[in-house]
Amino acid sequence: MAARSIEERLDEVHKKQEQLKAKEKALKAKQSQAARKARTKRLIEVGAIVEKSLALEFDTQEKRDKLLNLLTKTRSDQNGYTYTLASWLRQYFDQE
């Protein structure tokens, strides 16, 4: 039985590299898909919490735009400190 040539061994190594790259790509795609599903689930749950807590349905783009405006509108307190409701909420949840 003849020993394999260096070229044959190199070809084998290249094939294994290609297989590993394909496997890596498939695993990254699976990971990305799982992250997208988790994000979608989270967004749905948060939306449901907002609608339930406000007892409102944001069923039109106009209502969603009003909510976004409410959260991002700059306000000032008595001391001149400016904030948005969104920044206030971020601070509130970062404290936990």
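Every heavy atom of this structure was used, including side-chain atoms; hydrogens, water molecules and symmetry mates were not. As the structure is a prediction and not an experimental result, all values here were calculated from the model.
Annotation: the span from L71 atom CG to L89 atom CG amounts to 6.5 Å, rounded to 0.5 Å. Atoms CD and CG, on E18 and L20 in that order, are 10.5 Å from each other to the nearest 0.5 Å. Here the CZ-CG distance, from R75 to L85, works out to 4.0 Å after rounding to the nearest 0.5 Å.
In this view, E12 and R4, K16 satisfy the salt bridge (Lys or Arg N to Asp or Glu O under 4.0 Å) rule, not counting sequence neighbours. Remark: L10 pairs with I6, H14 by the side-chain contact (heavy atoms from CB on, under 4.5 Å) rule, at least two apart or across chains. In terms of the salt bridge (Lys or Arg N to Asp or Glu O under 4.0 Å) criterion, residue partners of K63 (sequence neighbours excluded) are, by chain and number, D59. Among residues two or more places apart in sequence or in another chain, the salt bridge (Lys or Arg N to Asp or Glu O under 4.0 Å) test is passed with K23 by none. T40 is linked by a side-chain contact (heavy atoms from CB on, under 4.5 Å) to I44, counting only residues two or more places apart in sequence or in another chain. Among residues two or more places apart in sequence or in another chain, the side-chain contact (heavy atoms from CB on, under 4.5 Å) test is passed with Q78 by none. The salt bridge (Lys or Arg N to Asp or Glu O under 4.0 Å) test applied to K37 returns no partner, not counting sequence neighbours. Judged as a side-chain hydrogen bond (donor to acceptor under 3.5 Å, both in side chains), and not counting sequence neighbours, the contacts of S32 are R36. For the side-chain contact (heavy atoms from CB on, under 4.5 Å) test, residues two or more places apart in sequence or in another chain that qualify with S5 are E7, E8.
Hydrophobic cluster membership of L68, counting Ile, Leu, Val, Met, Phe, Trp and Tyr whose side-chain heavy atoms lie under 4.5 Å apart directly or via other members: none, as it forms a cluster of its own.
Residue Q61 places its CD atom among more than 12 non-hydrogen atoms of other residues, nucleotides or ligands, all under 6.0 Å distant. Within a 6.0 Å radius of CD in Q31, no more than 12 heavy atoms belonging to other residues, nucleotides or ligands are found.
Counting only residues at least two apart or on different chains, the salt bridge (charged side-chain N to carboxylate O under 4.0 Å, His left out) pairs with a member in residues 45-55 are K41-E45. Applying the ring pair (Phe, Tyr, Trp, His ring centres under 6.0 Å) test to residues at least two apart or on different chains, the pairs with a partner in residues 58-91 are W88-Y92.
What you find for L67 and V50 is that their closest heavy atoms are CD2-CG1, 4.4 Å.
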Practice task
List the steps, then state whether side chain to side chain contact (heavy atoms under 4.5 Å, CB included) holds for T82 with D77.
Solution key: CA-CA 7 Å; T82 59; D77 66 9; over 6 Å; no
